Participant: 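Okay, handing you the structure first.
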Amino acid sequence: QFSSRNKTAFLAALDHIAAANREPTPQEAAFLFSALGAMARGDERSAERWIARCQHADTQQQHSWNMPARLTVGGLRGVLAELTRIGNINGRAGRIY
């Protein structure tokens with residue numbers, strides 16, 4: 001199970017990006033994806049730090065490449081939902097290898 005605090009903070013970061021009517025920059029996407037990995041490992045402190053880094057990411061960064069579909073706001077929400085579902089079925093998500 002993910003901590004409700006980190007799950008809420010992760011979703012708030014996505015809501016903030018979506019409210020600006022944009023997709024995450026590559027830097028934001030990398031930070032949020034790293035937060036998902038930390039949550040999946042059960043490392044909530046690292047997840048908290050990655051989410052906080054996203055809040056201070058450079059939002060003016062130019063996209064020099066096409067964003068992979070999974071690293072959009074919707075894609076990152078979907079990954080969180082799937083990891084949560086897997087964790088609920090299989091116990092702690094950190095056991096998934």
Side-chain angles (χ1 to χ4, degrees):
Q1 296 282 347
F2 298 144
S3 79
S4 61
R5 185 175 74 193
N6 278 340
K7 188 174 177 181
T8 298
F10 182 89
L11 292 171
L14 291 177
D15 289 344
H16 179 76
I17 292 167
N21 198 31
R22 64 181 181 81
E23 295 297 342
T25 66
Q27 186 179 39
E28 289 170 321
F31 290 157
L32 291 171
F33 196 76
S34 294
L36 284 172
M39 287 190 285
R41 289 189 314 272
D43 186 354
E44 296 295 331
R45 292 188 85 179
S46 288
E48 190 174 307
R49 286 191 291 263
W50 284 115
I51 294 166
R53 290 177 89 181
C54 180
Q55 295 170 352
H56 304 290
D58 180 10
T59 58
Q60 301 304 312
Q61 189 179 55
Q62 296 295 317
H63 292 276
S64 60
W65 52 283
N66 290 330
M67 184 72 63
R70 286 286 196 185
L71 297 181
T72 62
V73 169
L76 287 164
R77 283 186 203 279
V79 172
L80 176 63
E82 186 62 18
L83 287 174
T84 300
R85 185 191 67 79
I86 290 168
N88 288 339
I89 292 171
N90 298 323
R92 187 170 173 190
R95 295 185 186 144
I96 299 170
Y97 299 98

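Quantities reported herein were computed from a predicted structural model and do not represent experimental measurements.
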Participant: How long is the span from the NZ atom in Lys7 to the CE atom in Met39, to the nearest 0.5 Å?
Facilitator: 9.0 Å
Participant: Distance-only check: which donor-acceptor pairs under 3.5 Å involve side-chain atoms of residues 76-83, not counting sequence neighbours?
Facilitator:
{"residue": "Arg77", "atom": "NH1", "partner": "Asp15", "partner atom": "OD1", "Å": "3.1"}
{"residue": "Arg77", "atom": "NH2", "partner": "Asp15", "partner atom": "OD1", "Å": "2.6"}
{"residue": "Glu82", "atom": "OE1", "partner": "Arg85", "partner atom": "NE", "Å": "3.3"}
{"residue": "Glu82", "atom": "OE2", "partner": "Arg85", "partner atom": "NE", "Å": "3.3"}
{"residue": "Glu82", "atom": "OE2", "partner": "Arg85", "partner atom": "NH2", "Å": "2.5"}

Participant: Any chance you could measure Leu11, atom CG, to His16, atom NE2, to the nearest 0.5 Å?
Facilitator: 14.5 Å
Participant: Under a 4.5 Å side-chain heavy-atom rule over Ile, Leu, Val, Met, Phe, Trp and Tyr, are Leu14 and Phe31 clustered together?
Facilitator: no
Participant: Test of understanding: with salt bridge (charged side-chain N to carboxylate O under 4.0 Å, His left out), list the residues that count as partners of Arg49, not counting sequence neighbours.
Facilitator: none
Participant: With a 4.5 Å cut-off on side-chain heavy atoms, are Arg5 and Glu44 touching?
Facilitator: no
Participant: Group every Ile, Leu, Val, Met, Phe, Trp and Tyr by side-chain heavy-atom contacts under 4.5 Å, then state whether Ile17 and Phe10 land in the same group.
Facilitator: yes
Participant: Distance check, rounded to the nearest 0.5 Å: Arg53 atom CZ versus Leu32 atom CG?
Facilitator: 12.0 Å
Participant: Return the minimal non-hydrogen interatomic distance between Ala35 and Ala47, and the atom names on each side.
Facilitator: O-CB, 3.7 Å
Participant: CG/Asn6 to OG/Ser46 distance, rounded to the nearest 0.5 angstrom?
Facilitator: 10.0 Å
Participant: Looking at Arg22 and Val73, what are the two nearest heavy atoms and their distance?
Facilitator: O-CG2, 4.0 Å
